Structures are given as C-alpha cells and as structure tokens.
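Right, one structure below, let's go through it.
Proteins come first, then strands; the chains are lettered A, B, ... in the order of their sequence lines, and each starts at number 1. As the structure is a prediction and not an experimental result, all values here were calculated from the model.
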Amino acid sequence: MEKERILSGMRPTGRLHLGNYLGALSNWVKLQDRYECFFMIADWHTLTDRTDTKGLKQDIKDVLIDWLCAGLNPEKSTLFVQSHVPEHAELHLLLSMITPIPWLERCPTYKEKLEMGQENNYGLLGYPVLQAADILIYKANKVPVGEDQVAHLELSREIARRFNHLYDHVFPEPAPLLSETVKILGLDGKKKMGKSYDNYISLSEEPRIIEEKTQGMFTDPKKIYLGDPGHPQECNVYSYHQIFGKFLGENLEQIFKDCKEGALACTTCKKNLAHLLINYLAPFRQKRKELEKESLDKILNKGKEIASRLATSTLREVKKAMQML
RNA sequence: AGGUCCGUAGCUCAAGUGGCUAGAGCACCGGACUCCAAAUCCGGCGGUUGCGGGUUCGAGUCCUGCCGGACCUGCCA
C-alpha cells in the first residue's frame with residue numbers, strides 16, 4: 001500500500017531555535033518513515049513581510065542545515081525550496097481565480113497581521129491561496145499543522161473542493177495532521193519562543209551564549225531571597241528542566257522538592273539548566289560544523305527535481321481539467 | 001497621470017504665528033535591590049528633523065525640486 005503524502009514548510013528565518021524544533025521539526029523527523037514527505041523552505045511566503053532580501057540565501061541554507069542536524073534525511077524526504085518549483089506560482093494564479101476575497105479577509109492570521117500594523121499587500125491577502133497551491137500541487141493528503149494554521153488549511157480544503165466541483169476531481173482534500181507537540185515558552189516566560197521576540201535559544205547556540213541566556217531567564221517572582229520557597233510548577237526554568245531533564249537523567253522530583261523548600265538557588269538551577277542544554281545541543285553544533293563545510297546544492301537540486309516532476313504532472317492535470325490543454 | 005495630506009531617535013509621538021543645546025514615553029545598555037531573573041528606583045546611550053537647493057540675522061517650521069508613503073479621481077486591464 002502506498003504511503004500517504006505530507007507537505008509542510010517553514011519560512012526561511014535563518015537558524016532555528018528550540019521552539020521550532022520541539023514544535024514542528026522533531027515531529028517531522030518522526031513522520032519521515034510513515035509518510036512520503038515533502039518539506040519546503042517557503043521563501044516566497046517570507047516576502048509578505050520581508051522586503052529586505054539581503055541574507056535570504058544564507059537564511060535558506062541555515063534552515064536546511066538545521067533540518068539536517070535535526071535528522072531530516074534527504075534520502076527519505078524531499079527537501080526543497082519553494083521558489084525552485086515555479087509551478088507553485090502558476091497553480092496559485094489559477095486558484096486565485098476561484099477564491100472569493102471574503103474567504104481570505106476573514107482569516108484570523110490575516111486580520112491579526114493588519115492589526116499589528118503590517119502592510120496590507122496583495123501577497124499577504126493571497127498567502128493562503130499560495131499555501132493551498134503548495135499543498136495541492138503535490139496532492140498531499142496530510143498536512144502537519146499547529147492550531148494556528150487550521151483555519152488556513154481549512155481554506156485549502158475549500159479551494160480544493162471548489163476546484164473539483166467546478167472542473168474535475170483533481171485534488172484530494174488535505175487533512176490536518178495534529179500531533180502532540182511540546183510547547184516551550186520563550187526565555188522571558190511570557191510569549192512563545194520566537195526569533196522576533198529575542199527570547200530564544202538557537203539549536204546552534206554557543207555554550208557561552210547559552211549560559212548567558214539561561215542566566216537571564218525569567219523566574220518565579222515570588223522567590224526573592226535565597227532560601228525563600230519556590231513555586232516550580234509556575235517557574236519557566238523548571239518547565240525547561242521538565243522538557244530537557246530526561247535526556248541527561250535529571251532527578252526532577254529532587255529539583256522540584258529542593259526548589260519548593262528553598263534549598264535550591266535559582267542561580268544554581270539555571271547553571272544546571274545551561275549545562276543540560278549545552279549537552280542536549282552538542283550533537284547539533286557538531287553536525288552543523290561538518291555541514292557548513294559542504295555544499296548542500298546537491299540536496300536541494302535533488303529535492304527540486306523530485307518536487308518539479310510531481311508538480312508538473314499535477315499542473316498538467318489541472319490545465320486539462322480547465323480545458324486549457 | 002492629476003489632486004489632497006504626510007515624512008522628526010529602533011518604535012509611538014511633542015516642539016503657539018520662524019527664535020535658546022529639537023523633547024518625552026516605550027525599547028535598549030549600566031547601576032541600586034535580588035542567590036538570579038522580574039517588578040521598582042536612579043543613570044546613560046540614542047538625531048545630518050527623507051534628500052538637495054532657496055528665502056532669512058536665524059528654518060523641524062516658509063518656498064522649490066527630487067525621493068518615499070497614505071488617501072481620492074481618471075486610465076474602463
């Protein structure tokens with residue numbers, strides 16, 4: 001029986017951080033064996049809010065390197081850059097003709113971005129249509145998404161349905177693949193980890209920087225003096241211990257108890273965490289060092305080839321269905 | 001293409017009819033306080049006022065050209 005197909009993507013934001021890894025990437029790695037996977041670096045999508053394209057190439061490379069460090073395997077999965085397969089754009093154009101604007105205007109992410117003061121450009125409004133094209137051009141059955149992406153995926157399904165109804169049954173409706181992911185808050189303990197909040201730890205972070213950053217983490221505001229009882233269940237540093245502790249065999253119960261009794265100083269607790277993270281990330285740093293020396297064009301070229309073949313074939317079906325061939 | 005308005009610190013905005021060294025909040029950095037961090041209190045950094053000309057003793061402010069942006073009208077893609 002044929003494997004189901006998956007498409008997912010990330011925007012080229014440069015080096016990835018723990019949030020990217022725990023929230024999506026580590027899950028992708030697991031999906032590789034069960035599904036036929038297409039993983040895309042969405043450089044076109046990033047243009048909706050990035051006009052400065054200096055450094056974009058490096059950002060793409062950095063994302064790819066981190067993917068490989070995390071365990072994405074180009075022998076198993078197709079890793080490619082969106083703009084290397086221009087068929088996405090052609091399908092996007094065709095789909096845009098059957099997509100009513102109100103469908104796009106009511107997207108929560110779109111409305112949020114506008115409220116944030118982002119420029120209301122054509123590409124931003126059409127973002128979900130391009131996303132639909134990304135998915136449908138590979139006839140992906142499943143799309144691993146976070147909660148925040150469900151609405152956009154719903155739109156892809158509607159567009160697929162509409163196309164199938166108007167022309168011919170070309171597209172399978174892509175279903176969301178919700179998998180349990182680890183949510184990690186940023187170093188500030190307030191917002192989710194994100195590059196733009198500057199509250200992250202990169203997968204490739206230098207040990208010295210990891211020490212500095214963990215030292216600056218937000219802790220329990222009720223624990224002022226050394227010896228004060230802590231509240232580990234509400235402390236962001238403890239939640240990091242919970243996430244990463246198992247990898248180095250930490251005794252979580254002991255930490256919890258010591259913190260609660262005031263026996264564990266936050267400084268010590270943070271030093272331990274830094275040590276933990278440095279060890280946890282050591283393999284990433286090691287792997288990156290090796291990969292940085294290599295040319296990765298081979299991987300991207302292979303990805304482009306496989307993706308293009310499929311994309312071209314789907315696009316031909318689409319145009320046939322529309323009586324354009 | 002034409003018309004109206006606008007452009008001041010990284011961000012949001014101040015600077016009566018031209019007039020002292022262009023100010024404040026947020027952000028950032030440092031200090032105090034903490035085992036750290038946060039909160040709070042001090043202190044600091046930060047500007048060729050979009051660019052170039054002009055009028056004037058004196059221009060962020062007035063005139064002009066360009067650049068950039070918002071909105072309106074036309075062009076019936």
### Task
Using the P atom as the reference point in each nucleotide, state the distance between B/rU8 and B/rG52 in Å, no decimals.
16 Å
### Query
Quick one: A/His275 NE2 to B/rC36 C1', roughly how many Å, whole number?
19 Å
## Note on the structure
Paired with A/Arg208, the salt bridge (Lys or Arg N to Asp or Glu O under 4.0 Å) test is passed by just one of A/Glu212, A/Glu205, A/Glu211, A/Glu206, namely A/Glu212
### Task
Looking at every strand, decide which applies to A/Asp220 at a 4.0 Å heavy-atom threshold: base, sugar-phosphate, or nothing.
base
### Message
Checking A/Asn120 against A/Tyr110: is there a side-chain donor and acceptor pair closer than 3.5 Å?
### Response
yes
### Task
Show the numbers, then the answer: is there a salt bridge (Lys or Arg N to Asp or Glu O under 4.0 Å) between A/Glu173 and A/Lys139?
CA-CA 8 Å; A/Glu173 276 184 44; A/Lys139 298 188 176 183; over 6 Å; no
### Query
Which residues within residues 184-203 of chain A lie with some heavy atom under 4.0 Å of an atom in RNA chain B?
none
### Query
Just checking, A/Lys213 and A/Tyr200: is the charged tip under 6.0 Å from the six-membered ring centre and within 45° of the axis?
yes
### Task
For B/rU64 and B/rU12, measure between their P atoms and round to the nearest Å.
28 Å
#### Entry: Under 3.5 Å on both distances, the Watson-Crick or G-U partner of B/rG2
B/rC72
### Message
Counting distance alone, no hydrogens or angles: does the base of B/rC35 have a donor or acceptor under 3.5 Å from a partner atom on the side chain of A/Thr267?
### Response
yes
## Note on the structure
note: A/Ile224, atom CD1; B/rU40, atom C1'; distance rounded to Å ~ 11 Å
### Message
Does the protein touch nucleotides 72-77 of chain B at the base, only the backbone, or not at all? Give it as B, S and - per nucleotide, heavy atoms under 4.0 Å.
### Response
------
### Query
Looking at A/Arg15, A/Arg50, A/Arg11, which hits side-chain hydrogen bond (donor to acceptor under 3.5 Å, both in side chains) with A/Asp59?
A/Arg50
### Centroid-centroid distance, A/Tyr21 to A/Phe284, less than 6.0 Å
yes
### Task
Evaluate the side-chain proximity of A/Leu136 to A/Thr314: yes if any heavy-atom separation is below 4.5 Å, no if none is.
no
